[in-house]
Amino acid sequence: MELYELNLRSAAEGLKTKKFSAAELFDACMARTEACEPHVAALITKTAELGRQQAKESDERRAKGENCGDLEGIPVILKDNHCTRGVRTTAASKILGDWCPPYDATAWALLRKAGAVLLGKANMDEFAMGGSCEKSAFGPTHNPHDLTRVPGGSSGGSAAATAAAYAPFSLGSDTGGSIRQPAAYCGVYGFKPTYGMVSRYGLISYGSSLDQIGPFARNVEDLHLIMSILSQYDPMDSSCFREKTYDFMPRKEGLKGKKVALVKEFQEFTLEAPIAEGMTRTRKVIEDAGAEVVEVSLPVIARYAVSCYYALAMSEAHTNLERYDGVRYGYTVPDAKGIKEMFEEVRTAGFGAEVKRRIIAGTCLTEPTRCDEYYVAATKVRTLIAQEFARAFEGTDFILQPASPTLAPKIGASDADKMKEYEADLYTLPVNLAGLPGLSFFTGYAENGLPVGLQLIGPRWSDADLLNAGLVLEERLGSPKIACALEGTKGGL
Ligand code: GLN
């Protein structure tokens, strides 16, 4: 087995028992990255020099006998909307130019403190707006299982890089599904924590009341490990709060005696055959594991969640993106006639089409004469959605549903029908509206070799229970293999 193929837990074991050094592990992962990148294009920035230096420092700490935890010396990839001090952070937008943040996102600061080593910054849809990783100023990322397909989005680069084993894990962000959907398309596990579980400090904002950082890994136990580091209270993010500390110790009793619900209304919607088969397979596995499968009814969510989410996300996006004016960040036009002209020129040339579309929609939705009718109405529907979930969870422990109605689509297919693209988020975005946790897990491969992922969701703060249920699902459904459908290679690199 090559070093780059190791999952987080085994890599940590190897480093602890001195089978290899952090520098060797980093070099193996970087070589894998270099070999795959021309085909997959998952990264915006590779941090070879910085990562090698951090790996060397990690080896020195270990040699000195310092108390090294599980993340000591482990390479990681961050979605490029996580601020990294001194390392270019673009949110995949031209408007940020070569902006190097003067501070670290808390999530990255926690990983770094635990000894993790930065391998690169991952491609994404610009400002996390999208679900295919095609809407990036740096071009699209390709799905490493089939290069003609998208990896999903917006955290597509992180998912693709983890699936192709550039690093044992990566971080993404999820505003309406951006961790769970690409995890499903790429055949990795992706976890969106409860809103408030992981600090958003230093995450470039899209929809602040919805955004949440979370990990991708190639097995569930690794997600436990990463969450035990990320789930710290942070006074720098007022939405990050803690009633107690959460224990992310893996426990396999996950599903016995539990109730897992299917959503009545969702059963009327069409799913691609492999997704429907995945649902059937998983239902059986859940019953075999000693859980009871029940049904819940979520009529408000089924009918209104998509419109509610897009009204809120676009409204928040338009406010959050007001700061990009050519003065404070990266891209500017030095020869503009005046301030107003500069704003106009910078924003016209700096933002991509999808971002502009959302800024314009968000401006209209919150405009004083219409605000009550649209934005305020959407906040009320959001409350109804949260209440509907809360009632459902009185009678069930988890809800099982798709992460997407389809397998990874072909590159270029998603732009064909805007409404269809937004509607495809129906299964993921209600979770963000209610601030719930959601686990995207692997269920097997379709006949065409593409991974089939589904989603398990739980009530707020049930994060650890959800991951424990994930352990049972992984044991019974099997773990994914490393993606290797790379052009010009026989069976992978
Ligand atoms: N596809 C959704 C959107 O475009 C979700 C994106 C996300 O979670 N960042 O808003």
Side-chain angles (χ1 to χ4, degrees), residues 78-82 91-93 122-136 140-141 150-159 170-186 190-193 195 198 200 203-216 305-321 351-362 365 378 382 402-406 408-409 413-415 417-438 440 455 457:
L78 303 175
K79 183 177 183 180
D80 209 19
N81 57 356
H82 290 62
S93 183
N123 199 16
M124 53 187 279
D125 289 296
E126 185 178 1
F127 285 106
M129 298 176 193
S132 66
C133 210
E134 296 168 287
K135 298 181 190 79
S136 158
T141 292
V150 302
S154 61
S155 316
S158 302
S170 61
L171 295 190
S173 65
D174 191 314
T175 305
S178 277
I179 291 177
R180 290 159 289 150
Q181 181 253 45
Y185 285 179
C186 289
F191 186 58
K192 181 239 171 253
Y195 184 79
V198 178
R200 290 179 300 111
L203 175 72
I204 294 178
S205 303
Y206 162 16
S208 309
S209 74
L210 303 153
D211 300 338
Q212 186 63 190
I213 288 175
F216 292 94
V306 174
S307 340
C308 173
Y309 166 85
Y310 276 98
L312 293 175
M314 289 177 180
S315 300
E316 292 186 24
H318 121 82
T319 314
N320 276 326
L321 271 57
F351 288 132
E354 182 65 22
V355 173
K356 282 185 200 152
R357 185 177 292 125
R358 295 188 189 203
I359 291 175
I360 293 168
L365 291 161
R382 181 182 194 166
S404 161
T406 66
S414 77
D415 252 354
D417 185 340
K418 262 288 130 229
M419 284 315 289
K420 219 167 147 200
E421 182 192 335
Y422 293 166
E423 278 164 9
D425 293 339
L426 167 66
Y427 300 106
T428 48
L429 56 78
V431 170
N432 303 69
L433 287 168
L436 310 179
S440 177
Q455 186 184 189
I457 66 180

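Atoms within each ligand, like the ligands themselves, are counted from 1 in listed order. One is the number of the first residue; the rest follow in order along the sequence. Note that the coordinates shown come from a computational prediction; the quantities given were computed from them, not determined experimentally.
The closest side-chain heavy-atom distance from Cys186 to Phe216 is not below 4.5 Å.
Of the N and O atoms on the side chains of Ser158 and Lys79, not one donor lies less than 3.5 Å from an acceptor on the other residue. A donor-acceptor contact closer than 3.5 angstrom links the side chains of Ser93 and Glu126.
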Which pairs of donor and acceptor atoms, one on a side chain in residues 352-359, lie under 3.5 Å apart (sequence neighbours left out)?
residue, atom, partner, partner atom, Å
Glu354, OE1, Arg357, NH1, 2.3
Glu354, OE1, Lys418, NZ, 2.9
Glu354, OE2, Arg358, NE, 2.7
Glu354, OE2, Arg358, NH2, 3.0
Glu354, OE2, Tyr422, OH, 2.7
Lys356, NZ, Thr348, O, 2.7
Lys356, NZ, Phe351, O, 3.4
Arg358, NH1, Tyr206, OH, 2.5

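The side-chain hydrogen bond (donor to acceptor under 3.5 Å, both in side chains) test with Thr175 is passed by exactly one of Asp425, Asp211, Thr428: Asp211.
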Please tabulate, one line per pair, the protein N or O atoms found under 3.5 Å from any N or O atom of ligand 1, giving the distance to one decimal.
residue, atom, partner, partner atom, Å
ligand 1, 1 (N), Gly130, O, 3.2
ligand 1, 1 (N), Asp425, OD2, 2.9
ligand 1, 4 (O), Gly130, N, 2.9
ligand 1, 4 (O), Arg358, NH1, 3.0
ligand 1, 4 (O), Arg358, NH2, 2.9
ligand 1, 8 (O), Thr175, N, 2.8
ligand 1, 8 (O), Gly176, N, 2.6
ligand 1, 8 (O), Gly177, N, 3.2
ligand 1, 8 (O), Ser178, N, 3.0
ligand 1, 8 (O), Ser178, OG, 2.7
ligand 1, 9 (N), Ala128, O, 2.8
ligand 1, 9 (N), Ser154, OG, 3.4
ligand 1, 9 (N), Thr175, OG1, 3.4
ligand 1, 9 (N), Ser178, OG, 2.7
ligand 1, 10 (O), Tyr206, OH, 2.6
ligand 1, 10 (O), Tyr309, OH, 2.7
ligand 1, 10 (O), Arg358, NH1, 3.0

Practice item. Given side-chain contact (heavy atoms from CB on, under 4.5 Å), test Arg382 with Ser209 step by step and report yes or no. Key: CA-CA 11 Å; Arg382 181 182 194 166; Ser209 74; 2.7 Å; yes
